[in-house]
> 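Have a look at this one before I ask anything.
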Amino acid sequence: MATSVETALLRDIIGAAGGHDAALKDLVDRHSPADITRVLLNEITSRCPAPVNDAPVLVELAVHTDGTAPAPHYLYVAKGGPVRPAGRDEAFIAMRVEYDLADLVRELFGPVRERGAGVRGTTLFPYVAETSGESGDDAASGAEHIGTHFLAAQQGTETVLAGCHSRKPDLSELASRYLTPKWGSLHWFTPHYDRHFRDYRNEPVRVLEIGIGGYKHPEWGGGSLRMWRHFFHRGEIYGLDIVDKSHFDGQRITTLQGDQNDPEYLASIAEEYGPFDIVIDDGSHINEHVRTSFQALFPYVRPGGLYVVEDLWTAYWPGFGGNEDPGQDSATSLGLIKSLIDSIQHEERPAASGHRPGYADRNVTGLHVYHNLAFIEKGTNAEGGIPAWIPRDFDTLVAVSSGGAE
């Protein structure tokens with residue numbers, strides 16, 4: 001879990017990246033360029049796709065501020081492993097990539113910019129094989145050697161630059177990269193997520209996902225947390241699971257251990273880490289737990305935010321507290337979702353009904369339901385309802401309308 005100092009630095013960087021150039025200058029005045037660069041390098045390595053180059057290469061990242069001499073950093077890129085910081089002598093240097101610190105901060109943590117040129121300097125370091133004096137088969141072999149390493153240099157550089165630029169991959173691509181079942185295996189959720197989340201993508205959001213995955217297996221799960229971190233490039237991602245998943249903690253990812261069916265615990269983490277822009281329930285899928293989590297956490301979703309419930313299929317499965325009869329689902333997750341339709345329309349209920357608006361009535365403003373997936377919009381649901389002077393029965397309405405038209 002990140003320390004308060006690390007979290008404060010990261011928030012300062014993200015805030016400055018979305019502001020005026022003066023905010024970036026102030027950032028460098030208040031924090032060491034070395035500390036800022038460390039955060040940027042961690043971010044780059046977390047976003048790089050899996051390397052495809054067979055021959056290992058180094059990509060040199062040179063970061064400078066206000067005309068100072070660039071500080072070189074080396075990233076090791078090779079098929080079969082993640083991109084990682086390295087020493088100068090671990091492999092040959094494929095390319096030198098030079099950034100002004102402020103430009104790199106904007107590329108990584110500022111609003112998405114589609115242009116990819118004019119933000120960096122690059123210098124190719126061609127691999128030179130010792131082929132002088134060779135002829136015949138030896139020369140051909142040397143040329144092939146150079147070609148192999150040139151391809152590795154190109155592939156390795158592309159891998160690192162993919163982690164540097166402002167443009168972001170498609171959410172379905174990210175789901176496949178980070179091995180989350182939200183696309184292409186169990187579910188087909190990512191087009192819906194993209195539709196509803198795209199407006200938040202440039203904001204410094206706080207996202208809480210219930211359920212990290214992998215159950216008790218120490219190495220499984222965590223894919224969707226990494227996906228959300230990449231997608232929300234300015235956001236903080238929190239994951240809650242009943243099993244300790246702290247090995248997934250990292251820059252902009254914080255894991256929490258607790259029971260999603262414990263409302264007091266949920267309120268405590270929301271007080272500490274919220275309010276949240278988005279909450280996603282991909283936890284136990286037990287119907288009671290889904291309802292408890294919504295009641296406890298929806299008040300901590302900020303106005304304009306979203307609460308998402310996945311895997312609505314358990315509403316029909318008795319083993320999860322569901323009911324096979326759709327007409328008997330008041331205590332299930334789908335029962336909750338259906339009740340929110342009445343909440344959205346609560347101002348139209350007759351006064352004689354004696355209904356007193358609850359929290360959901362006053363704060364749910366929209367509902368979007370797909371196969372096994374629901375998005376609940378948070379806001380102020382107080383448009384006033386149809387005025388009292390409009391007749392409540394059809395015949396009177398027709399009579400009044402006819403009279404007004406004559």
> Keeping R11 on the side-chain end and E6 on the backbone end, is there a donor-acceptor pair under 3.5 Å?
no
> Can E209 and S224 be counted as having a side-chain donor-acceptor contact under 3.5 angstrom?
yes
> Sub-3.5 Å donor-acceptor pair from the side chain of Q328 to the main-chain atoms of D325, do we have one?
no
> Hey, does L61 have a side-chain heavy atom less than 4.5 Å from the side chain of L41?
yes
> Is E43 salt-bridged to R252, going by a charged N under 4.0 Å from an acidic O?
yes
> Below 4.5 Å, heavy atoms only, C-beta onward: do L208 and I237 meet side chain to side chain?
no
> Are R201 and E203 ion-paired here, with the side-chain N under 4.0 Å from a carboxylate O?
no
> Working to the nearest 0.5 Å, report the span between NE2 of H371 and CG of D311.
9.5 Å
> With the threshold set at 4.0 Å, does a side-chain nitrogen-carboxylate oxygen contact exist between R88 and E60?
no
> Would you mind checking if D12 and R30 are paired as a salt bridge, meaning a charged N to carboxylate O distance below 4.0 Å?
yes
> Within the 4.5 Å heavy-atom criterion, are I93 and V57 side-chain neighbours or not?
no
> If the threshold is 4.0 Å, N to carboxylate O, is there a salt bridge linking R198 and D194?
yes
> Can D281 and R291 be counted as an ion pair, charged N to O under 4.0 angstrom?
no
> Any salt bridge between D35 and R38, counting N to O under 4.0 Å?
yes
